[in-house]
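Chain identifiers are assigned alphabetically (A, B, ...) following the order of the sequence lines, protein sequences preceding nucleic acid strands; residue numbering begins at 1 within each chain. Values reported hereafter were calculated over all heavy atoms of this structure, with side chains retained and with hydrogens, waters and symmetry mates removed.
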Amino acid sequence: MYHLIIEKTDLDLKKTLMSGQVFRYEMDINSTNDLESRNYYILIYREYAVLVTEEEAGYLFHCSDTEFKRIWYHYLDLGRDYETVNNRIVRIDPRLEIAINNNRGIRILRQDPFEMLITFIISQSKAIPQIRLLVNNIAKSYGTYTKTIRGEDIFSFPTAKQLEHLREEDFRMLKFGYRASYLVAAVKWALEEPSLLMTSIDDYMVNIGDEQLKKNLLSIKGVGDKVAACVMLFGYARHKSFPIDVWMRRIMNVLYFHEEDKKTDKDMEAFGRCLFGEDAGIAQQYLFEYGRVELKLMNKK
DNA sequence: ATCCAGGCCCGAT
DNA sequence: ATCGGGCATGGA
């Protein structure tokens with residue numbers, strides 16, 4: 001019934017969930033060693049939700065072996081050997097070894113494309129706690145109740161179909177502000193481009209090239225380079241994506257450029273993709289974490 | 001109170 | 001092509 005992951009080094013759920021790529025999860029971290037209050041996590045993917053407890057030997061998934069293999073193994077990208085990727089990245093830039101060592105076990109999740117599209121449209125000019133609040137609210141309002149885990153009612157994120165009839169004012173009522181019209185456009189896009197949204201986990205790899213997919217996403221009002229890159233990386237597992245945000249700008253201006261260079265986001269994205277190639281997305285995640293920690297310390301002085 | 005948050009659109013150069 | 005103002009909301 002339960003599936004046990006032994007290798008905690010290959011997977012760090014806490015770091016992965018807090019890395020800014022996912023906004024719908026639950027987590028309870030206890031600082032005590034009380035056996036009755038182990039750390040636990042709730043992962044959500046489409047109509048699935050699973051309780052994961054942290055045991056001495058590894059993470060215990062409270063679901064069937066079949067569900068684990070079919071859903072969570074995939075969701076957590078466990079089929080990829082991150083050590084190999086890490087080695088490639090360190091070979092390209094040895095300075096990232098610190099960031100990798102501090103963030104070993106972070107994985108790029110394979111989340112639902114439509115959820116990523118809506119989530120990252122919402123994310124613009126918002127802080128992470130706000131984003132979490134907004135996406136959880138829309139799930140409660142328009143998603144489907146899945147199950148209750150440890151007292152938490154878990155809802156699936158609404159499908160495009162479930163948001164089909166929402167108007168701008170409906171989204172404004174949910175406090176999405178000026179993003180409301182973008183969301184209407186995104187839902188319309190999703191309903192018109194069903195082939196770009198997987199219908200089952202099996203057809204995850206949409207049969208379309210990176211460039212074409214990006215072009216398609218950019219056609220949505222409210223989706224720019226950054227949002228498109230995030231959707232492609234976290235929703236379509238396009239690991240050549242290299243999203244540039246304020247944090248990435250700061251860290252890249254320290255590691256690779258200078259403020260005076262006045263590099264544009266486009267310049268930086270091209271640079272990162274060229275430097276890290278197929279590992280750009282994962283490298284970006286390490287850089288991002290590096291920036292969140294190291295730069296914060298540098299600015300403190 | 002003012003500022004700004006993992007941006008993007010749009011109109012003016 | 002590039003620049004800057006505006007945009008909703010809420011937390012610091």
Side-chain angles (χ1 to χ4, degrees), chain A residues 15-25 99 103 106 108-109 111 115-138 141 166-189 214-235 238 241-255 257 259-273 280-296 298-300:
Chain A
K15 285 200 165 71
T16 300
L17 294 175
M18 301 213 307
S19 67
Q21 60 176 304
V22 54
F23 300 92
R24 305 203 60 229
Y25 61 86
N103 295 286
I106 282 195
I108 305 289
L109 298 176
Q111 301 180 74
E115 178 173 347
M116 290 299 93
L117 175 59
I118 299 299
T119 298
F120 281 99
I121 287 174
I122 292 168
S123 78
Q124 56 188 97
S125 290
K126 284 276 173 206
I128 289 179
Q130 276 305 310
I131 302 167
R132 290 203 59 182
L133 203 61
L134 289 169
V135 294
N136 281 313
N137 282 346
I138 196 172
S141 301
L166 296 212
R167 313 203 145 284
E168 200 175 314
E169 61 244 44
D170 299 316
F171 284 116
R172 279 183 188 271
M173 237 175 292
L174 289 171
K175 306 294 180 189
F176 289 116
Y178 67 88
R179 302 160 196 77
S181 66
Y182 301 164
L183 294 174
V184 172
V187 171
K188 186 163 179 286
W189 176 88
K214 179 156 197 182
K215 207 178 133 198
N216 251 294
L217 289 166
L218 288 176
S219 74
I220 305 167
K221 193 176 122 187
V223 176
D225 285 323
K226 194 269 179 180
V227 170
C230 285
V231 174
M232 291 183 68
L233 181 57
F234 305 128
R238 303 296 175 109
S241 301
F242 196 77
I244 302 297
D245 57 37
V246 285
W247 289 101
M248 282 300 288
R249 259 200 299 281
R250 284 174 203 155
I251 187 68
M252 290 191 78
N253 269 331
V254 170
L255 288 179
F257 310 113
E259 285 292 345
E260 312 87 82
D261 293 341
K262 298 264 188 259
K263 293 292 182 185
T264 66
D265 291 358
K266 272 195 196 311
D267 294 335
M268 291 191 176
E269 183 179 355
F271 180 87
R273 292 176 55 137
I282 295 178
Q284 182 268 353
Q285 206 64 26
Y286 293 132
L287 286 165
F288 182 68
E289 294 301 329
Y290 185 88
R292 281 218 293 203
V293 179
E294 308 292 324
L295 281 190
K296 204 173 284 179
M298 288 172 61
N299 290 339
K300 281 265 164 70

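Backbone-only contact: A:Gly222 has heavy atoms under 4.0 Å from sugar-phosphate atoms and none from a base. Within the nucleic acid shown, A:Ser181 has no heavy atom closer than 4.0 Å to any nucleic acid atom. Using a 4.0 Å heavy-atom distance criterion, A:Ile128 is classed as a base contact.
Going from atom NZ of A:Lys126 over to atom NZ of A:Lys175 covers 10.0 Å, rounded to the nearest 0.5 Å.
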Distances under 3.5 Å between nitrogen or oxygen atoms of protein and nucleotides 8-12 of chain C:
| from | atom 1 | to | atom 2 | distance (Å) |
| --- | --- | --- | --- | --- |
| C:dA8 | OP1 | A:Arg172 | NH2 | 2.9 |
| C:dA8 | O4' | A:Tyr178 | N | 3.1 |
| C:dT9 | O2 | A:Lys126 | NZ | 3.1 |

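Taking the side chain as every heavy atom from C-beta outward, A:Leu117 and A:Trp189 approach each other to under 4.5 Å. You'll find the side chain of A:Asp170 stays beyond 4.5 Å of the side chain of A:Val184, heavy atoms only.
Comparing A:Lys221 and A:Ala127 by the nucleotide of DNA chain B that holds the closest heavy atom to each, the one mapping nearer the 5' end is A:Ala127.
Rounding to whole angstrom units, CZ of residue A:Arg250 and P of B:dG6 are separated by 8 Å. Between the CG atom of A:Leu117 and the P atom of B:dG7 there is a distance of 17 Å, given to the nearest Å. Taking atom CG on A:Asp225 and atom P on B:dG6, their separation rounds to 19 Å, with Å as the unit. As rounded to whole Å, 14 Å separates atom P of B:dC8 from atom CD1 of A:Ile122. B:dG6 atom P lies 12 Å from atom CZ of A:Arg249, rounded to whole Å. Distance NZ (A:Lys266) to C1' (B:dC8): 12 Å, rounded to an integer number of Å. Separating the CG atom of A:Leu218 from the C1' atom of B:dC9 is a distance of 13 Å, rounded to the nearest angstrom. Distance, A:Gln284 CD to B:dG6 C1': 10 Å, rounded to whole Å.
Classification of A:Glu168 and A:Lys221 as a salt-bridged pair fails, no side-chain N sitting under 4.0 Å from a carboxylate O.
The C1' atoms of C:dG6 and B:dC4 are separated by 14 Å, rounded to the nearest whole Å. Between the C1' atoms of C:dT2 and B:dG6, the separation comes to 23 Å (whole Å).
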*Let me see the working for A:Asp265 and A:Asp225 under side chain to side chain contact (heavy atoms under 4.5 Å, CB included), right down to the final yes or no.*
CA-CA 9 Å; A:Asp265 291 358; A:Asp225 285 323; over 6 Å; no
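Stacking of A:Arg249 on the aromatic ring of A:Phe257 is not recorded, the 6.0 Å distance cut-off and the 45° axial limit not both being met.
Between A:Phe120 and A:Phe234, the ring-plane angle classifies as parallel under the 30° and 60° cut-offs.
B:dG7 has no base stacking with the ring of A:Tyr182 when judged by centroids under 5.5 angstrom apart and an interplanar angle below 30°.
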